[in-house]
2 protein chains.
Amino acid sequence: MASTPDERTGRRIRSVEIAFTILDAIRANEATSVTELADELGHSKSTIHSHLRTLESQEIIVRQDDGYRLSLQLLDMANDVREQVANYEVIVDEVDKLASETGEIAHFGLEEHGKVAYLYKAMGTQAVETVSRPGGKQPMYSTSLGKAILAFLPADRRREILDHVSFAPKTPKTITDPERFADELDVITDQGYAIDDEENIEGLRCVAAPVKNGNTVLGAVSVSGPVSRSTDEVLHGELAESVQRTANVIELNTKFS
Amino acid sequence: MASTPDERTGRRIRSVEIAFTILDAIRANEATSVTELADELGHSKSTIHSHLRTLESQEIIVRQDDGYRLSLQLLDMANDVREQVANYEVIVDEVDKLASETGEIAHFGLEEHGKVAYLYKAMGTQAVETVSRPGGKQPMYSTSLGKAILAFLPADRRREILDHVSFAPKTPKTITDPERFADELDVITDQGYAIDDEENIEGLRCVAAPVKNGNTVLGAVSVSGPVSRSTDEVLHGELAESVQRTANVIELNTKFS
DNA sequence: ATCCTCGTTCGCGAGACGGGAATGACGGCC
DNA sequence: GGCCGTCATTCCCGTCTCGCGAACGAGGAT
């Protein structure tokens, strides 16, 4: 069966899935009363009710006025998440530096479930607004972070991720042809950094470099700037250099876990 | 039955409870393999296995090397939590100010499940180390935040919380006598702020003031300093003033929701 | 090559869980 | 003030899920 126990197999627990559906709804503030949730999610009121009681007794949600909201325990869990990611402090320091040196937005991201998840974000002084936030996810094929990670992942893992991805265009410039994408990855592997040329968000260009620990890719660092400031020269020149240098510093400070 | 649908009644969903038990274990890094989790939690390997698959498909946990860790989605959920709490930005600003004015640690906390949960923490320049972190919980009866909140809660809600609390001494100075505690609350209601005189952590004294919106208590702000610097005069004087002023500013900036 | 360990799968029986309807508590409206 | 309408909560019932134990298979180590 090869060593890849595809995450889409195996038995699921229905009740747990329902519980997380409810959590998602509460999270999105879509509906906060038993009846609304029941309608919204297509379950009986009694079902929703038992689940809410369970989540409440686990102190995951909290009753407020009329309705429910997520509890602060989630903040605590977020703390644990950061502790479980290797080198969080180093990453924060270096990404901060990168942002202030370049003046733009700097990100650190890593691969999760076939997408890039942002771990940390720092804003430089002239940084443009973006909607990204820590914990947010973006496709791998349209972001510099994703491409940088993919390019340095072992071939089998890369294949596995790409096999489950459908290339949907996020902008007119998004690469949607698997062949062309494979070529792009080759280029990235060679030059050591990845470019996103308005492929994920119009008007935004990014450069990213992978952060490795030996052979394994831990994630990637990127800088994002508006097209106006980000000429080919700047992108491939000073910015590419900066992200690579930052990536290196993080690598050097990596305590092998 | 009055309008208080005690959170300890109602049906619970066993599978969901198991799922969260597993999450807790992963959170604590106690055990990260199927077999270890099965031993630790007293369930069969197959049970743990289905649950892990479920949590993974919900993108709550992630496989890493050998074992599992929490996914970055939790960071995203933490963002939502902050958005769901009224006035988060205002609170951050004002608590930051409070910390830099006083030089000490400043906290904002609110009541959840009969305990105080820290929403935000800011460190002043001479702030002492503490173990508190956002999302962390402390008893209400031994903290200034908790006492400030309790003192201004409607009588029935206060009763409800106190009925389910067992006064365990956290330090020699912790108030463990319900009678004395009730008196203390009366004093607090009168003077408008609460003191924690090494009742929660030895060597640490705190002052807190409630943040209200009309009649409802949203939470409380506090300042904590070492006994050395925190004489009665300072505590009841400038610090009490500062926390009350901060609480007021937050109240004034409260958009009624 | 053989054992041991670990993850995964399978089949079964108990009982948990989801549904629907009844109950009860509010609150608004006439 | 009485009467609905709405909503949360509870109860019971029948089904199908879920948790268990055992068997299987894949590595690793000796």
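Everything numeric in this text was worked out from a predicted model, so none of it was measured. These numbers come from the heavy atoms of this one structure, side chains and all, not from hydrogens, waters or symmetry mates.
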Crowding at CG, A/N215 (>12 non-hydrogen neighbours, <6.0 Å) = no
Salt-bridge present ([X], [Y]; N to O < 4.0 Å):
X: B/R133; Y: A/E83; answer: yes
X: B/E184; Y: B/K147; answer: yes
X: A/R14; Y: A/E17; answer: no
X: A/K212; Y: A/E251; answer: no
X: B/D24; Y: B/R27; answer: yes

[N] [atom2] sits how many Å from [X] [atom1], rounded?
X: B/E56; N: C/dG7; atom1: CD; atom2: C1'; result: 13 Å
X: B/L55; N: D/dC18; atom1: CG; atom2: P; result: 13 Å
X: B/R53; N: D/dG19; atom1: CZ; atom2: P; result: 16 Å
X: B/R63; N: C/dG7; atom1: CZ; atom2: P; result: 10 Å

ask   = Between D/dT9 and B/R11, is there an OP1 or OP2 to side-chain N/O distance shorter than 4.0 Å?
value = no
ask   = Would one find a side-chain N or O of A/R12 under 4.0 angstrom from OP1 or OP2 of D/dT17?
value = no
Indicate every side-chain donor-acceptor pair of residues 185-192 of chain A with a distance under 3.5 Å to a residue at least two apart or in another chain.
from   : atom 1 : to     : atom 2 : distance (Å)
A/T189 : OG1    : A/A151 : O      : 3.3
A/T189 : OG1    : A/L185 : O      : 2.7
A/Q191 : NE2    : A/Y193 : O      : 2.9

request  = For B/R180, enumerate each residue passing the side-chain contact (heavy atoms from CB on, under 4.5 Å) test, keeping only those at least two apart in sequence or located in another chain.
outcome  = B/I175, B/D177
message = Using ring centroids (six-membered ring only for Trp), state whether A/Y118 and A/F108 fall under 6.0 Å.
response = no
request  = Mind running a 4.0 Å heavy-atom check of residues 13-20 of chain A against DNA chain C and sending the residues that fall below it, in number order?
outcome  = A/R14, A/S15, A/I18
message = Let's see if you get this right: which residues in residues 41-51 of chain B place a heavy atom under 4.0 Å from DNA chain D?
response = B/H43, B/S44, B/S46, B/T47, B/H51
ask   = If we fit an axis to the first five pairs and another to the last five of the helix from C/dA1-D/dT30 to C/dC30-D/dG1, what angle do they make, to the nearest 10°?
value = 40°
Approximate separation, where rounding is to 0.5 Å, of A/S71 OG and A/Q58 CD = 10.5 Å
query = Mind checking what makes side-chain hydrogen bond (donor to acceptor under 3.5 Å, both in side chains) contact with B/K137, not counting sequence neighbours?
reply = A/E59
